[in-house]
Each structure stands twice: as C-alpha cells, then as structure tokens.
K.L.:
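Following this message is one structure expressed as structure tokens.
Note that the numbering runs from 1 along the sequence shown for the chain. All values below were derived from every heavy atom in this structure, side-chain atoms included, with hydrogens, water molecules and symmetry-related copies excluded.
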Amino acid sequence: MRSPRRIRRTALAALSAGVLLAVAGCAEGGDRTAKGTTGTAEAKDVLLQPLASPGPGPFTASTARAPASPAPSATPDSAPPTATRTVHRVSGAAPGLYSGSRSVAACDVERQTRLLADDKDKGRAFAEASDIEAVQIPGYLKSLTPVVLSVDTQVTNHGYGGGSATSFQAVLQAGTAVLVDGRGMPRVRCACGNPLKPAGTADGKAAHRGERWPGYDPARVAAVEPGPRAATSLIIADTDDNTWIQRTVGDSGGRDRTPDDPPPFEPDAELLFPSPGHPTESAPPEPTPSDPSAPREPTDPGPGEPSDDSGDPPPGDPWEFEEGVPDVAPEPTQVLPAEPDEPAAPDEEPMEAGLGDDFTG
C-alpha cells in the first residue's frame with residue numbers, strides 16, 4: 001500500500017488538530033491579517049487561510065468534522081518552495097482533486113442549514129453571495145457534496161460584516177473541508193460557513209497576507225474551474241487507504257462505493273501539477289548529426305529562467321510578503337523569406353524603379 005501524497009499528509013496531519021481549533025475559535029471572528037481581508041473579489045491581496053483559521057467575518061460556527069482516525073505525521077517536502085506565484089487551473093471533475101474518508105462526511109450539512117436559518121440577516125447575506133434566494137438555502141446546501149481539498153486552492157471567499165457579505169481572494173490550505181456542487185466547484189467553506197466562488201484574477205504582483213503553513217508552495221496553488229457537465233458523482237481519494245471513492249453528488253457519504261471504472265492511476269500520483277524540479281517525463285533525444293534523414297532545426301534557447309536572487313532583503317513582517325508572477329516571453333516575430341528577383345528578358349531594357357514603388361522582402 002502506498003503512502004498518501006506529501007501534500008495530503010501535511011494537510012490532514014494539521015486537520016486532525018486544526019479542525020477542532022476552528023470549532024472553538026470560529027465564533028471569535030478575528031484573523032491575524034493586516035489588509036486585504038475585505039473589499040472586491042479582484043483585489044490583489046490574497047489571504048492565506050490555514051485549517052485552524054476562521055478568517056474574517058465568519059458566517060457561522062464551524063460545521064467541519066474531524067477525521068475518524070489520526071492522520072500520519074507531516075513530512076517536509078524535499079524541494080524548497082519557489083518564489084514565483086503560479087495558479088494552476090484545474091477542472092472540478094479531475095479525479096483526486098478532492099478527498100475524504102469512506103462513508104464519512106467532511107461537513108455537517110444539516111447543522112450548517114440550521115445555523116443560517118437561525119440568523120436571518122446572515123442567511124440573507126449568504127444567499128445573496130451565493131446567487132440564490134434565502135428560502136432556497138436548505139435545498140441548495142443539500143444539493144452540495146462534503147469533501148476535503150487535496151491541494152492548496154485559491155477561491156473568492158466571503159466574510160460577513162455590516163449586514164452584508166464582503167469578498168476577498170484567499171488560498172485555502174489542503175485538507176480544508178468544503179461543500180462542492182455538481183461541477184466540482186467549491187461553494188461553502190465548512191470551517192465558518194462562508195460562501196465561495198471561483199478565484200478572481202489579479203494583474204501584476206499579488207501580496208499574500210497571513211501565515212504560511214508547512215508545505216505551502218506559491219507555485220503549487222490550484223484554481224478550480226467548472227467541470228464540462230453537471231455530474232451525478234465525484235471520484236475522490238480515500239485518505240485512509242489511498243484508494244478511490246465514488247461519492248454521489250448531494251450525498252454525505254452514505255452511498256460511497258468503489259468506482260466500477262477507476263482512474264488508471266493511483267490517488268497519490270502527482271498529476272494535478274508536477275513537483276518543482278521533478279519533471280514527470282524526460283526530454284526525447286535529439287537527432288545526431290550523423291543521421292542524414294533526421295531533420296535539423298535551429299535550437300531555440302527559450303526565455304531565460306527568472307533569477308531567485310533579486311537582491312531584495314527578506315521581508316521583516318512575517319504576515320505580509322509579495323510574490324511575483326513569471327515574465328511572459330514575447331512571441332517570436334515571423335520573418336518571411338525574400339522572393340528572388342526575376343531575371344530581365346534579354347530583349348528588354350531593365351526597368352528603373354521610381355521612389356514611389358513598393359518593395360517586398
């Protein structure tokens with residue numbers, strides 16, 4: 001039996017203790033952040049939200065459930081995190097994007113429904129942020145599926161303040177319990193009942209605020225996109241024995257079963273995005289000059305790798321740091337070959353071009 005992937009081990013080790021802390025601290029409502037906790041979804045500030053962090057303006061107390069058995073100890077990654085921030089677009093239908101334990105729901109959907117029903121103002125703000133009517137909240141929540149994030153994931157999160165919902169960009173730590181819809185989109189963070197939407201985009205540099213967790217790498221962040229069609233079930237990874245689970249959409253795990261046609265790879269395979277510095281495939285050998293049949297093409301050195309040594313001193317404030325985005329290489333300019341000049345006929349005088357004639361090539 002293979003051990004779960006490194007990220008999943010790190011996340012679920014923290015989940016065993018972190019979710020219990022979130023239950024106690026969710027109603028306190030504070031988060032150690034400076035700026036960027038409220039505002040528009042397009043803000044360039046991105047809040048890092050560990051498992052135990054309720055975040056700003058929680059809608060409800062936590063409805064996340066701790067795993068049934070203790071998770072294995074976290075193992076630090078061998079490769080150091082990169083300085084370049086990269087968000088990978090991943091389909092919500094991708095097997096292994098979510099995980100969980102067989103027949104165990106990551107969230108208590110019925111309790112989440114009751115908490116929103118007990119506070120009319122928060123229920124109204126939740127419905128508005130979720131693009132539904134307040135009376136639709138019970139049916140909406142029951143249509144969602146409780147799962148756990150397998151990788152660090154950026155979302156548009158929401159907090160409650162001043163009688164309405166405020167939106168902000170956030171990266172949720174792997175192991176965070178969420179409710180997802182039939183196209184695999186995270187819709188509710190169970191730690192505090194906040195509604196979720198797809199990640200927004202920010203041009204230029206994004207300032208990440210909050211506390212980094214062990215194993216966090218800004219180059220290994222997912223942003224979920226809707227699956228190609230509404231599904232009746234999701235293929236998730238079983239964190240207990242590294243097998244596949246087919247979970248019915250809208251079910252809390254009571255109908256979990258082994259897929260009839262499981263994916264052709266193990267749940268711990270690094271397929272969502274490769275590990276930094278660990279290519280999944282080797283480059284094909286180039287043709288040797290002695291082979292006359294092999295085509296010879298000019299070698300493109302490609303854009304230079306960004307240097308990690310920027311010369312800037314490390315930030316003094318551990319709660320605020322900036323990460324750059326990779327430079328975009330300019331597209332090569334296509335140069336058309338010049339057309340050969342046609343020889344003049346022997347019985348004609350060469351024509352002398354005037355200043356107004358056009359030239360090609």
Side-chain angles (χ1 to χ4, degrees), residues 1-13 15 67-69 71-72 74-75 77-79 86-106 144-154 172 174-186 198 215 217 219-285:
M1 181 184 301
R2 299 185 181 180
S3 60
R5 73 176 77 182
R6 291 192 303 271
I7 289 182
R8 190 173 297 139
R9 285 203 303 263
T10 302
L12 294 180
L15 180 62
S69 59
T75 301
D77 294 333
S78 58
T86 306
V87 178
H88 302 262
R89 300 286 175 177
V90 181
S91 170
L97 176 61
Y98 301 110
S99 55
S101 297
R102 187 179 296 268
S103 302
V104 176
L144 304 179
T145 310
V147 292
V148 171
L149 296 175
S150 294
V151 294
D152 298 341
T153 304
Q154 181 169 334
L172 305 181
T176 297
V178 293
L179 299 176
V180 301
D181 63 17
R183 301 187 71 177
M185 297 300 298
D217 188 340
R220 295 170 60 83
V221 176
V224 184
E225 294 185 333
R229 63 186 63 85
T232 58
S233 60
L234 300 173
I235 304 298
I236 67 174
D238 190 335
T239 55
D240 296 330
D241 57 8
N242 194 43
T243 58
W244 292 112
I245 298 174
Q246 182 169 335
R247 178 163 293 180
T248 302
V249 170
D251 184 68
S252 294
R255 291 185 284 173
D256 284 356
R257 63 186 183 88
T258 301
D260 295 331
D261 187 17
F265 51 88
E266 296 295 328
D268 60 358
E270 294 283 353
L271 297 180
L272 296 179
F273 33 76
S275 300
H278 296 78
T280 55
E281 295 182 0
S282 59

K.L.:
Between S252 and A105 (side chain of the first, backbone of the second, donor and acceptor by atom type, cut-off under 3.5 Å), is there such a pair?
P.N.:
no
K.L.:
What's the spacing between L97 CG and L272 CG if we round to 0.5 Å?
P.N.:
6.0 Å
K.L.:
Which heavy atom of G96 sits nearest to which heavy atom of W244, and what is that distance?
P.N.:
N-CZ3, 3.5 Å
K.L.:
Are the side chain of Y98 and the backbone N or O of G92 linked by a donor-acceptor pair below 3.5 Å?
P.N.:
no
K.L.:
Counting N and O atoms only, with roles assigned by atom type, does the side chain of T176 sit under 3.5 Å from a partner on the main chain of A174, one being a donor and the other an acceptor?
P.N.:
no
K.L.:
Indicate yes or no: does R247 engage D256 in a salt bridge with an N to O separation below 4.0 Å.
P.N.:
yes
K.L.:
Can you see which heavy atom on V180 is nearest to which on P186, and at what distance?
P.N.:
CG1-CA, 3.8 Å
K.L.:
Hey, could you give me the CD/CG distance between E266 and N242, rounded to the nearest 0.5 Å?
P.N.:
6.0 Å
K.L.:
To the nearest 0.5 Å, tell me how far R255 CZ sits from S103 OG.
P.N.:
12.0 Å
K.L.:
If we only count heavy atoms from C-beta on, is the D152 to L172 side-chain gap below 4.5 Å?
P.N.:
no
K.L.:
How close do D241 and T243 get, heavy atom to heavy atom, and via which atoms?
P.N.:
OD1-OG1, 2.6 Å
K.L.:
Nearest 0.5 Å, what's the OG-CG distance between S99 and D238?
P.N.:
9.0 Å
K.L.:
Working note: S233 + Q246, criterion side chain to side chain donor-acceptor pair (under 3.5 Å); need CA distance, chi angles, decisive distance, verdict.
P.N.:
CA-CA 6 Å; S233 60; Q246 182 169 335; 3.2 Å; yes
K.L.:
Working to the nearest 0.5 Å, report the span between CD1 of I245 and CD1 of I236.
P.N.:
4.5 Å
K.L.:
Under 3.5 Å, side chain of H88 to main-chain N/O of V224, donor-acceptor pair present?
P.N.:
no
K.L.:
Work out which heavy atom in V90 is nearest to a heavy atom in A94; give both atom names and the distance.
P.N.:
CG1-CB, 4.0 Å
K.L.:
Take T248 and T232 through the side-chain contact (heavy atoms from CB on, under 4.5 Å) test and state the conclusion after the steps.
P.N.:
CA-CA 6 Å; T248 302; T232 58; 5.9 Å; no
K.L.:
If you take all heavy atoms of V147 and A106, which pair is closest and at what distance?
P.N.:
O-CB, 3.5 Å
K.L.:
Would you name the heavy atoms of R89 and E225 that are closest together and state the gap between them?
P.N.:
CD-OE2, 3.3 Å
K.L.:
Nearest 0.5 angstrom please: D268 CG to S150 OG, how far?
P.N.:
11.0 Å
